[in-house]
**Q** 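To start, I am sharing the structure in question, which I have written as structure tokens.
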Amino acid sequence: MKEKFNKPYNPKETEERIYQMWQDGGYFNPDTSIKEGYTKPDAKPFTIIMPPTNANGSLHAGHGLVMTIEDIMVRYKRMRGYRTLWLPGLDHAGFETQVVYEKKLEKEGRTRFDIEPKKLYEEILDFTLTNSSNIKSQIKKMGASCDWSREKFTLDEDVVKVVYGTFKKLSDDGLLYRGKRIVSWCSKHQTAFSDLEIKDEERVEPFYFLKYGPFVIGTSRPETKFGDKYVVMHPDDTRYSAYKHGQKIELEWINGPITATIIKDEAIDMAFGTGVMTITPWHDPVDFAIAERHGLDKEQVIDDHGKLLPIAGEFAGIHIKKARPLIIEKLQSKGLVDKVDEAYKHVVRTCYKCGTVIEPQIRSQWFVKMKPLADNVLEKIKAKDGINYIPEHYEKITIHWLENIMDWNISRQIVWGIPIPAKICTNCGSGFVDLENKMTTCPHKDADGVCGATLVKDNDTFDTWFSSSQWPFAALGFPNSEDFKNYYPTDVMETAGEIIFFWVTRMLMLGLYMTGKLPFSTVYLHGLVLDAKGQKMSKSKGNVINPLDLTEKYGTDAFRIGLIVGNTPGTSLALSENKISAYKNFANKLWNISRFILADTAGPAGDVKLEPISFDPHFKAWTEQDALRVKELHALAKEITKEMDEFKFYIVAEKMYHYAWHELADKIIEESKAILSGSDDVARLSRRQFLLLALITILKSLHPFMPFVTEEIWSALPMEKKIRLIAESWVA
RNA sequence: GCGCGAUUAGCUCAGUUGGUAGAGCAAUCCAUUUACACUGGAAAGGUCGGGGGUUCAAGUCCCUCAUCGCGCACCA
């Protein structure tokens with residue numbers, strides 16, 4: 001009996017020491033585990049690639065959940081004898097990090113546009129590396145048993161090389177194109193986005209009916225209308241059958257007389273407004289499509305900063321926000337406003353990060369043709385071939401998204417990211433993938449021959465999701481490394497349900513495309529971690545719970561199991577401090593159960609001195625009562641093993657909690673007091689062996705959930721040939 | 001508009017192939033130098049959102065409605 005059991009369990013004295021012991025002992029590394037004999041050399045691999053952590057801040061509650069769930073999976077499989085690899089990584093997190101850094105600059109009174117790009121890149125790199133050491137120590141605090149010797153960073157040279165290889169292959173296979181297309185542009189962040197970075201927001205705004213020659217057109221955005229010289233109506237609309245396609249009409253418009261052309265197009269909804277609209281192809285995707293169909297001119301009206309261009313005449317240089325009322329005023333004075341619907345409810349597309357209204361702009365960007373990639377994955381999913389979603393309904397959501405997929409704009413106009421290895425022609429605007437940086441003149445051919453103009457480097461960077469979507473194979477050293485051969489495809493991808501499209505589904509597409517295999521066979525998605533009232537945590541609400549405060553206060557084990565019990569996959573989780581503190585009590589309960597069982601003396605008065613015994617794994621001389629207990633315990637072990645395999649961690653944690661506290665402690669130990677202090681030596685030995693067996697079973701099965709306290713108690717168990725609990729075999 | 005969820009005890013949620021409703025927390029009462037007060041014991045608490053159907057039997061399967069949440073696409 002060690003003296004430490006005389007005091008309540010103290011996580012602070014334990015956790016750091018034990019983590020260090022595990023790490024120094026090589027338990028997290030499958031190679032050393034084989035070398036030390038903890039894992040058989042021919043053991044089947046089990047691999048989880050950790051979602052690369054954004055290195056731009058500190059650990060939040062969501063990370064706490066990721067680390068806990070994945071560590072449970074990994075520790076369980078390790079104990080089951082798998083050659084287990086959990087590969088940690090850090091994400092440069094392109095745009096996300098740049099936004100964080102820009103806020104920092106803002107506080108310092110600087111802006112990114114004042115800093116030379118190269119210098120800015122270095123500043124952000126420095127910032128990221130500084131933060132990353134912080135993040136890593138926090139991941140360790142969570143008890144994550146990942147293999148730090150294999151840690152990767154999304155900007156590592158070999159990772160970038162893989163990303164470039166993918167870019168090239170997409171180009172060679174005709175799945176990459178660069179073209180002038182409508183992109184979603186944020187005028188604050190000065191970059192284009194993919195369709196996923198856009199957040200729809202419902203707004204109520206005025207809707208203006210304007211007199212456009214003989215027509216009345218409706219718009220919620222009068223500031224885009226300066227260049228509108230095409231008026232479009234449905235070919236079947238009898239109200240306008242007098243007007244013919246291509247017919248020119250003269251009319252008075254905002255800044256004077258213009259000539260407009262009639263266009264008939266079936267995209268027009270006859271029932272909406274007056275059934276007539278003018279188009280602004282540069283700033284609207286629908287209008288762009290109409291213009292493309294009919295070969296119409298496209299003119300830019302709004303610049304990259306949201307200000308009106310000279311086409312707006314007297315309004316040039318004014319920001320669209322300020323210009324709108326002024327334009328309406330002018331239209332009114334010219335008698336061109338027919339009427340105004342003040343309460344028009346519609347959806348506005350905004351930047352998911354800053355809420356700025358997205359301005360569609362025509363720009364040349366790199367796009368990936370997604371349909372062929374999506375079709376390959378769809379085939380696998382629908383054939384139930386090698387991919388399993390937890391919870392299941394994410395499969396339907398994925399199918400729906402894949403069936404309606406849009407091409408992916410992977411160019412970003414930010415510094416912080418992987419530079420796009422391409423050249424752009426200064427004359428014709430064509431783009432060319434150039435990994436070796438060798439091309440100097442434009443090889444683009446058309447009817448007039450080869451362009452031949454000077455090429456310049458593409459200054460854009462990749463969408464951060466383009467690189468992270470290649471993470472499972474890139475982090476393992478695709479295509480030739482031993483790790484790639486040994487551990488790919490991986491087993492489980494565990495991440496937040498929120499990023500199922502951003503990341504998970506794109507990993508399936510690029511993984512299958514590049515390696516011929518889906519990168520993982522199970523997708524496990526967890527929900528949001530909310531505050532105790534079930535509200536989303538946000539800095540502005542001030543309800544952010546820092547996981548490190550909780551681990552500090554209650555211990556990591558209490559935090560971990562508190563997150564898991566009652567949290568089914570996919571559903572969001574209300575994190576209450578109350579619950580965590582309840583599991584701190586549980587850690588202490590385990591401590592005291594152990595104290596009782598391991599004590600040299602036992603019985604209510606402590607008056608019977610017992611000889612120390614060692615746990616006998618082959619003990620058979622059970623009393624009838626204990627034989628029943630053993631049977632129950634084995635049945636429980638079998639049940640929870642099945643549930644672990646089904647990823648039902650919430651049930652396992654709860655069952656073991658219940659067994660330890662309300663069976664073993666409340667009933668079995670209570671009834672043991674009489675047996676241990678009694679005179680029946682046979683019964684006493686049977687019971688002492690049973691108590692050890694029960695404790696061992698509890699410690700093993702709770703180890704994935706509460707690794708520290710279980711390992712600490714384990715070290716005091718009277719057993720022969722004992723190894724560390726982390727490397728022990730599972731209960732079944 | 002299309003799609004996906006949710007609705008079960010005061011709160012947070014389980015409930016696997018249909019077989020008399022479960023846990024944790026909270027609240028109530030009782031106990032008090034017990035391995036542990038970071039404690040023990042007891043009792044209480046639910047027409048499983050409404051309606052309909054299938055079935056010997058429905059929280060569970062089907063239809064429908066309502067409310068809430070999320071995603072996607074949009075009409076100028």
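Chain letters run A, B, ... following the sequence lines, proteins first and then strands; every chain starts at 1.
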**Q** Under 3.5 Å, is there a donor-acceptor pair between the A/D265 and A/H234 side chains?
**A** no
**Q** Check the phosphate of B/G71 against A/K199, side-chain N and O only, distance under 4.0 Å to OP1 or OP2. Yes or no?
**A** yes
**Q** Below 4.0 angstrom from OP1 or OP2 of B/G40, is there any side-chain N or O of A/H662?
**A** no
**Q** May I ask you to evaluate whether A/T219 reaches the phosphate of B/A76, defined as a side-chain N or O under 4.0 Å from OP1 or OP2?
**A** no
**Q** Is A/R181 positioned over the aromatic face of A/F367, cation under 6.0 angstrom from the ring centre and no more than 45 degrees off axis?
**A** yes
**Q** Atom CG in A/L563, atom CD1 in A/I561: separation rounded to 0.5 Å?
**A** 10.5 Å
**Q** Mind checking A/D287 for me? I need base, sugar-phosphate or nothing, with any heavy atom below 4.0 Å counting as a touch.
**A** nothing
**Q** Round to a whole Å and report the spacing from CH2 of A/W591 to C1' of B/U39.
**A** 18 Å
**Q** How do A/A574 and A/A582 order along RNA chain B: which one's closest nucleotide is nearer the 5' end?
**A** A/A574
**Q** Can you tell me how far C1' of B/A42 sits from CD of A/E670, to the nearest Å?
**A** 16 Å
**Q** Measure the distance from CZ on A/F215 to P on B/A76 and round it to the nearest whole Å.
**A** 20 Å
**Q** Using whole Å, what does the distance between atom C1' of nucleotide B/G71 and atom CG of A/L525 come to?
**A** 14 Å
**Q** Heavy-atom nearest nucleotide on RNA chain B for A/T568 versus A/N592: which residue maps closer to 5'?
**A** A/T568
**Q** Could you tell me the separation between the CG atom of A/L664 and the CD1 atom of A/I669, rounded to the nearest 0.5 Å?
**A** 4.5 Å
**Q** Figure out the NZ/P separation between A/K579 and B/G24, and round it to whole Å.
**A** 12 Å
**Q** On the 0 to 90° scale, with breaks at 30° and 60°, tag the A/Y352-A/F193 ring pair as parallel, tilted or perpendicular.
**A** perpendicular
**Q** According to a 3.5 Å limit on both distances, what stems of 3 or more consecutive Watson-Crick or G-U pairs are formed with RNA chain B?
**A** B:1-7 with B:66-72, B:10-13 with B:22-25, B:28-31 with B:39-42, B:49-53 with B:61-65
**Q** Is the ring pair A/H346/A/Y344 parallel, tilted or perpendicular, if the boundaries are 30 and 60 degrees?
**A** tilted
**Q** With a 4.0 Å limit, can you tell me whether A/K396 has a side-chain N or O closer than that to the phosphate oxygens OP1/OP2 of B/G5?
**A** yes
**Q** What is the distance, to the nearest angstrom, from the CG atom on A/D265 to the P atom on B/C75?
**A** 13 Å
**Q** Given atom CD1 of A/I668 and atom P of B/A35, what is their separation to the nearest angstrom?
**A** 17 Å
**Q** Just by distance, with hydrogens left out, do A/E395 and A/T398 show a side-chain donor and acceptor under 3.5 Å apart?
**A** no
**Q** What is the distance, rounded to the nearest whole Å, between atom CE of A/M406 and atom P of B/A73?
**A** 5 Å
**Q** How is A/D269 classified with respect to the nucleic acid when contacts are heavy atoms under 4.0 Å: base, sugar-phosphate, or nothing?
**A** base
**Q** Tell me what A/Y9 touches on the nucleic acid: a base, only sugar-phosphate, or nothing, going by heavy atoms under 4.0 Å.
**A** nothing
**Q** Can you figure out which of B/U39, B/C75, B/C13 approaches the side chain of A/V286 most closely?
**A** B/C75
